[in-house]
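Notes follow once the structure below has been shown.
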There are 4 protein chains.
Amino acid sequence: MSDLGEAADIEDGKRPEGCGGRPAAGEDPVKREQILDGAHRVFMRMGFDASSMNDITREAGVSKGTLYVYFRNKEDLFAAIIQRQKSKIFEKLREILEEDRPLAEVLHDFGTAFTTHLLSETAIRGQRIVIGVIDRMPELASTFFQTGTNTGPVMLCNFLEKQVARGRLKPIEDPMMISRQFGDLCMAGLYRPRLFGEMREPPSAERIEKNVASAVRLFLGGYGAGGA
Amino acid sequence: MSDLGEAADIEDGKRPEGCGGRPAAGEDPVKREQILDGAHRVFMRMGFDASSMNDITREAGVSKGTLYVYFRNKEDLFAAIIQRQKSKIFEKLREILEEDRPLAEVLHDFGTAFTTHLLSETAIRGQRIVIGVIDRMPELASTFFQTGTNTGPVMLCNFLEKQVARGRLKPIEDPMMISRQFGDLCMAGLYRPRLFGEMREPPSAERIEKNVASAVRLFLGGYGAGGA
Amino acid sequence: MSDLGEAADIEDGKRPEGCGGRPAAGEDPVKREQILDGAHRVFMRMGFDASSMNDITREAGVSKGTLYVYFRNKEDLFAAIIQRQKSKIFEKLREILEEDRPLAEVLHDFGTAFTTHLLSETAIRGQRIVIGVIDRMPELASTFFQTGTNTGPVMLCNFLEKQVARGRLKPIEDPMMISRQFGDLCMAGLYRPRLFGEMREPPSAERIEKNVASAVRLFLGGYGAGGA
Amino acid sequence: MSDLGEAADIEDGKRPEGCGGRPAAGEDPVKREQILDGAHRVFMRMGFDASSMNDITREAGVSKGTLYVYFRNKEDLFAAIIQRQKSKIFEKLREILEEDRPLAEVLHDFGTAFTTHLLSETAIRGQRIVIGVIDRMPELASTFFQTGTNTGPVMLCNFLEKQVARGRLKPIEDPMMISRQFGDLCMAGLYRPRLFGEMREPPSAERIEKNVASAVRLFLGGYGAGGA
DNA sequence: CATGAATGAGGGTTCATTCAT
DNA sequence: CATGAATGAACCCTCATTCAT
């Protein structure tokens, strides 16, 4: 889901085996990860503007010069952090959608996983920071949204179309819109309080379950085949 | 709705009458408004960090010294801007809710007004800026949310309870949650693309109407008295 | 002659009289002079690149911020130093040319004053620095040459034309070229050793006199009306 | 003439023969030349300060470490470049002076070759760069002048003395001074406009010829045996 | 012995804040 | 009391030089 929520599961920063030599400048994946990890922590803690490159070098344990060999400038570094995010959540969501269980259950599990992730502390912080730099890095924010947040609904969309084909859902005019509707409905009343910091902690699992249950009920009430 | 979208209609900054003399330092409401207006424009245009106090003095037509008499620092000034927001949208929403029309129509108009406002360019910019400074000013963001964004749902909540009492809606366990659900459902699929800049312009009136219509249908399908 | 050789005889940095107030930002001529004087010393001592803005603030006794109020950047500051040069040498040269004395004497005095100035330590240092930054500030170097070094020959050119009219010189095809020829001839064998630092001190007055005398002899031998 | 105008025709960098092994550290003349060639190109293109050691390693195709084995630092490297200059112009000038032709013709050809070389783009660039670093490397600039620019006049000086002996010139008090006078007279009105960038391109051959012709006329008028 | 990744002091510049006027 | 010139710490970034590989 790539909402800056989880560290990348990049190939784990192992140095290219076999060749005894030192890696090329700016090409040592271990060091690169080291920098990204440090920068990730700093950016998360302070936000983009308040994070200084000095802070980052300190946290990452590299020198300024090295930093600038690996990343041209602060924006590039930040963008790299955003882009390396390939959250494990996607895999989980896919698994849920592929299980052959009652529609209501699948939707419930999907919505729960989706909501839990997007409202987690790290995901929320990531979203906030990206929103904060949107004036300077609009492309980045857009990409972040498309490859992150929006991926869940895309997956769900395919699933819903299959459900329609199987007759479990009424025919849908605009499945992508419906799909997003479901996602937002699961987070309804929770997303923005979290984003604006009114809700300091992620909601409890019970709270999320309840919200999602309500969403599923509403959703199936509206679009379910046998419903209403 | 106070999403930084509209200038305050504060009591118009009239100087305290009677005393012929000059107002005490930092107490002239006219000057205060003048500063807030200028700062508001600058912050909206550039965001928090990119706005310099120099820009603000220029736009407001006051000197640095004066600025610092009225506001201790940049954060205080920003906070004052956020807090004076009392958008006219609230009045409009109240009017809609007080009209004695079919429930579906009222919900439709309410949702349309609510959504249109929250997705407008100025409101979106305001929300982004507040989110961007949340690490430095967490209280402010929280306040911003409570006195802004969340006011619509609070109003709707009261309305819904009356509708339950009048038998137009099924009994509701948690009306505030339902109310927020409705608000977020109206913006479902639109809010976050706007916030993250993927959707560059506010959605068209038609697009919003369609979204809201779908939301109302779903909502009444789930909670309407007669079932839809 | 403006070869960075002498401090400007600007209106001596007196503050605008009458108005008791403080001068506008970046407009106090006293402070401006103070900065220019300090920067002048530093640039002269270290050259352009080796002079840091920190050095200059220290020498000028102003803060970084102030420096940047008066001058947008390092290049602008340097350009201002170059451009304020309005050497007193021009006046002296003009006086010499206006005296009604034998041509040989006038040329001798003119050549001596011209050469003495252009080979002085400060003028030489100024020329070197300008040459050193020519890649980054080509316009400046060109201007420096035209309004400085080249002014002497321009004045002489007019003088020579009058002498032709008065029959003291043979008719001249290209008086500007001849004029420059005379100037360079006066410095012949001295200019480049000075510029390249082979000659550490300015030549003695006797050395210059001798050089100029030789130049005048050659010049009048070639262009003088009566021969010899 | 060694005005940085041409690459040296050094003894061609052949490796010391006989020893089959690898040359001692910093002693392989081939590698040394390779470095000097690359550095020469870079310095000429960018000037001293703007040239980075990285640029030089890239252009020369050697590593940083190697560079620093052969040259202690940037200044040393630059000095080495200056000092290896042994321009082919000297040979040409010598040939001209050895031809047994009328004095006027010899002087004309000599002056033309001398002037053309010293005003060429590469020679001018070289002179500028040396002048720009004179504060940091005063000895270097002095050497540059003595072994470069000044060699022409030295050669001419010998020639003139012979001409005096042969009765083609009047007896001369200070032949070196006269010799320099002639050189500078040939470039009169051209050298400094070129150096300061006011004249963007080298003067045309016609322009130079004209200038030199005028110089020769003046010179022979003053010092020629039959003259005046 | 060659390599080039790493270093970190120092560069120019900005701007929130202060305080003499 | 208003003013805005002055401050100086902190910003991002470069690059000559070093030293582990």
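To find a chain, count down the sequence lines: A is the first, B the second, and so on, and within it residues start at 1. Not measured: the values here are computed from a predicted model.
- Per the geometry, OH belonging to Tyr70(B) stands 19 Å off P belonging to dT17(E), to the nearest Å.
- Atoms NZ (Lys31(B)) and P (dA2(F)) sit 6 Å apart, rounded to a whole Å.
- Two residues, Lys74(D) and Gly65(D), neighbour DNA chain F, and the one matched to the more 5' nucleotide by heavy-atom proximity is Lys74(D).
- One can place CD of Glu75(B) at 14 Å from C1' of dT17(E), the figure rounded to the nearest angstrom.
- Toward the 5′ end of DNA chain F lies the nearest nucleotide of Gly61(C), the other residue of the pair Gly61(C) and Asp55(A) mapping further downstream.
- Environment of CZ in Arg72(D): sparse, with no more than 12 heavy atoms of neighbouring residues, nucleotides or ligands closer than 6.0 Å.
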Begin with the C-alpha distance, continue with both residues' side-chain angles, and end with the deciding distance and a verdict on salt bridge (Lys or Arg N to Asp or Glu O under 4.0 Å) for Asp135(B) and Arg125(A). CA-CA 9 Å; Asp135(B) 286 319; Arg125(A) 294 187 85 90; 3.3 Å; yes
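- Between Thr66(D) and the phosphate of dT3(E), there is a side-chain N or O to OP1/OP2 separation shorter than 4.0 Å.
- Using a 4.0 Å cut-off between a side-chain N of Lys or Arg and a carboxylate O of Asp or Glu, Lys74(D) and Asp49(D) do not qualify as a salt bridge.
- Of the side-chain N and O atoms in Tyr68(D), none sit less than 4.0 angstrom from OP1 or OP2 of dT3(E).
- Residues Asp37(C) and Arg84(C) are paired through a salt bridge, judged by an N-O separation under 4.0 Å between the basic side chain and the carboxylate.
- Between Ser63(C) and dA6(F) there is no side-chain N or O to OP1 or OP2 distance below 4.0 Å.
- The aromatic rings of Phe48(D) and Phe43(D) sit parallel to each other, their planes meeting at less than 30°, with 60° as the upper class boundary.
- Going from atom CZ of Phe71(C) over to atom C1' of dA6(F) covers 16 Å, rounded to whole Å.
- No contact: Val62(D) has no heavy atom under 4.0 Å from any strand.
- The residue among Arg72(B) and Asn54(C) whose nearest nucleotide of DNA chain E is located toward the 5' end is Asn54(C).
- With rounding to whole Å, Leu77(B) atom CG is found 15 Å from dC15(E) atom C1'.
- Separating the CE atom of Met53(C) from the C1' atom of dA10(F) is a distance of 17 Å, rounded to the nearest angstrom.
- We find that CD1 of Ile56(D) is positioned 17 Å from C1' of dT3(E), with the value rounded to whole Å.
- Of the candidate nucleotides dT13(E), dC15(E), dT17(E), dT13(E) has the atom nearest to the side chain of Asn73(C).
- For Lys64(C) and dT13(E), a side-chain-to-base donor-acceptor distance below 3.5 Å is present, hydrogens and geometry of angles not being considered.
- Checking dC1(E) for Watson-Crick or G-U wobble geometry (two distances, each under 3.5 Å) identifies no partner in any strand.
- Straight-line distance from the CZ atom of Arg58(C) to the P atom of dA6(F): 20 Å, rounded to whole Å.
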